[in-house]
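What follows is a set of notes on a single structure, which appears directly below.
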Amino acid sequence: MTGVRVKPEAITSSYRRWAPVYDLTFGRITHAGRRHATKVANDAGGHVLEVGVGTGLALPYYGSELRVTGIDFSQDMLERARTKIAEENLSHVAELRQMDARALDFPDGCFDTVVAMHLISVVPDPEQVMAEMARVCKPGGQILLVNHFARDEGWLAWFERKFAPFADYLGWHSNFPKDRVLGVQDLQLVEEKPLTSLGLFTFLRMEKAA
Ligand SMILES: C[S@@+](CC[C@H](N)C(=O)[O-])C[C@H]1O[C@@H](n2cnc3c(N)ncnc32)[C@H](O)[C@@H]1O
């Protein structure tokens, strides 16, 4: 199994560097996934948990009738999300909390939709995070993932392997294999959709057994 070595202290320092420039850099090239995932969440309605909410770039796209809770490990990223909520008067956002996705401080089965965008390849223990997201999702609810997943072949696969050693510094893991998010107990993959023509980002929808 390919190991993701991202350490908690690396998350804090990496996203302290990212926070001031995130919306204008990585945030800008990843809008397709945010628009699509929030549309799917809006169709389901109810209470949404966004894990790794970052600077809150997706928050304005959730429907005003939803209730949205966001968590993130980085206070620097959360500060920017709080500013957006205030400036854009996003009253559907119920709360934002500093929290480690590996140990979600919520009861079992309390969210209709759990969303994680560009998160699963940067957390120290993706399997534990998937298990936690499944735990807090209601039976019959859904887990939405947007992420870059490693390719097996081609010139982009070569770049992914070259970038891999810089994962901690970049806060981004370039060769993360998709099979690490599949096979979670009670979760079934029901939709897989490439989000860009180059296939840089992929949307996955999983349903939790009712
Ligand atoms: C690439 S950013 C994505 C932010 C947002 N989801 C988006 O699409 O713009 C990854 C986010 O995951 C957060 N993160 C990393 N590890 C985490 C953990 N263990 N628990 C919670 N959040 C974490 C980072 O602080 C960062 O805000």
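Atoms within a ligand are numbered from 1 in the order they appear, just like the ligands themselves. Computation of the quantities below employed the complete heavy-atom set of this structure, encompassing side-chain atoms and omitting hydrogens, waters and symmetry-equivalent molecules.
- Under 4.0 Å from ligand 1, the heavy atoms of Y15 that appear belong solely to its side chain.
- Checking only distances, P124 never comes within under 3.5 Å of ligand 1, N or O to N or O.
- Under a cut-off of 6.0 angstrom, the local environment of CZ in R35 is sparse, with at most 12 non-hydrogen atoms contributed by other residues, nucleotides or ligands.
- Within the 4.0 Å heavy-atom cutoff, V122 counts among the residues contacting ligand 1.
- Of the listed residues (M206, K208, E191, R205), just one forms a side-chain contact (heavy atoms from CB on, under 4.5 Å) with Q142, and that residue is R205.
- Taking only nitrogen or oxygen atoms, main chain and side chain alike, R102 does not reach within less than 3.5 Å of ligand 1.
- Only the side chain of M77 comes within 4.0 Å of ligand 1, counting heavy atoms alone; its backbone N, CA, C and O stay farther away.
- Considering backbone and side-chain atoms together, V123 places no N or O closer than 3.5 Å to any N or O of ligand 1.
- Heavy-atom contacts of M99 reach the following atoms of ligand 1: 20 (N), 21 (C) (cutoff under 4.0 Å).
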*asked:* Let's go through Y62 and V115 carefully: what are the C-alpha distance in whole Å and the side-chain angles of both, what is the deciding distance for side-chain contact (heavy atoms from CB on, under 4.5 Å) to 0.1 Å, and is it a yes or a no?
replied: CA-CA 11 Å; Y62 291 105; V115 188; 3.9 Å; yes
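- Salt-bridge formation is not detected for the pair R80/D76: no Lys NZ or Arg NE/NH1/NH2 atom is positioned less than 4.0 Å from an Asp or Glu carboxylate oxygen.
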*Test side-chain contact (heavy atoms from CB on, under 4.5 Å) on L187 and M130 and set out the steps.*
CA-CA 10 Å; L187 293 188; M130 286 301 298; 4.1 Å; yes
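- In terms of polar-atom proximity, R34 is counted as a contact of ligand 1, with an N or O under 3.5 Å from an N or O of the ligand.
- Listed by atom number, the atoms of ligand 1 under 4.0 Å from D100 heavy atoms are 18 (C), 19 (N), 20 (N).
- Set against the non-hydrogen atoms of S74, the atoms of ligand 1 under 4.0 Å away are 25 (O).
- Listed by atom number, the atoms of ligand 1 under 4.0 Å from G54 heavy atoms are 4 (C), 27 (O).
- Taking the salt bridge (charged side-chain N to carboxylate O under 4.0 Å, His left out) definition, one finds that R67 meets it with nothing, sequence neighbours left out.
- For the residue pair T69 and E95, no side-chain donor N or O sits within less than 3.5 Å of a side-chain acceptor on the partner.
- Between M117 and ligand 1, at least one N/O pair is under 3.5 Å apart.
- In this structure, F149 and F176 have tilted ring planes: the angle between them lies in the 30° to 60° band.
- One side chain, T30 or R34, offers a donor N or O that lies under 3.5 Å from an acceptor on the other.
- On a distance-only criterion, V51 and ligand 1 share no N/O pair closer than 3.5 Å.
- Counting heavy atoms closer than 4.0 Å to ligand 1, residue I11 contributes side-chain atoms (C-beta onward) but none from N, CA, C or O.
- For the ligand labelled ligand 1, residue Y22 lies inside the 4.0 Å heavy-atom shell.
- For R135, the salt bridge (charged side-chain N to carboxylate O under 4.0 Å, His left out) test picks out D108, E132, with sequence neighbours left out.
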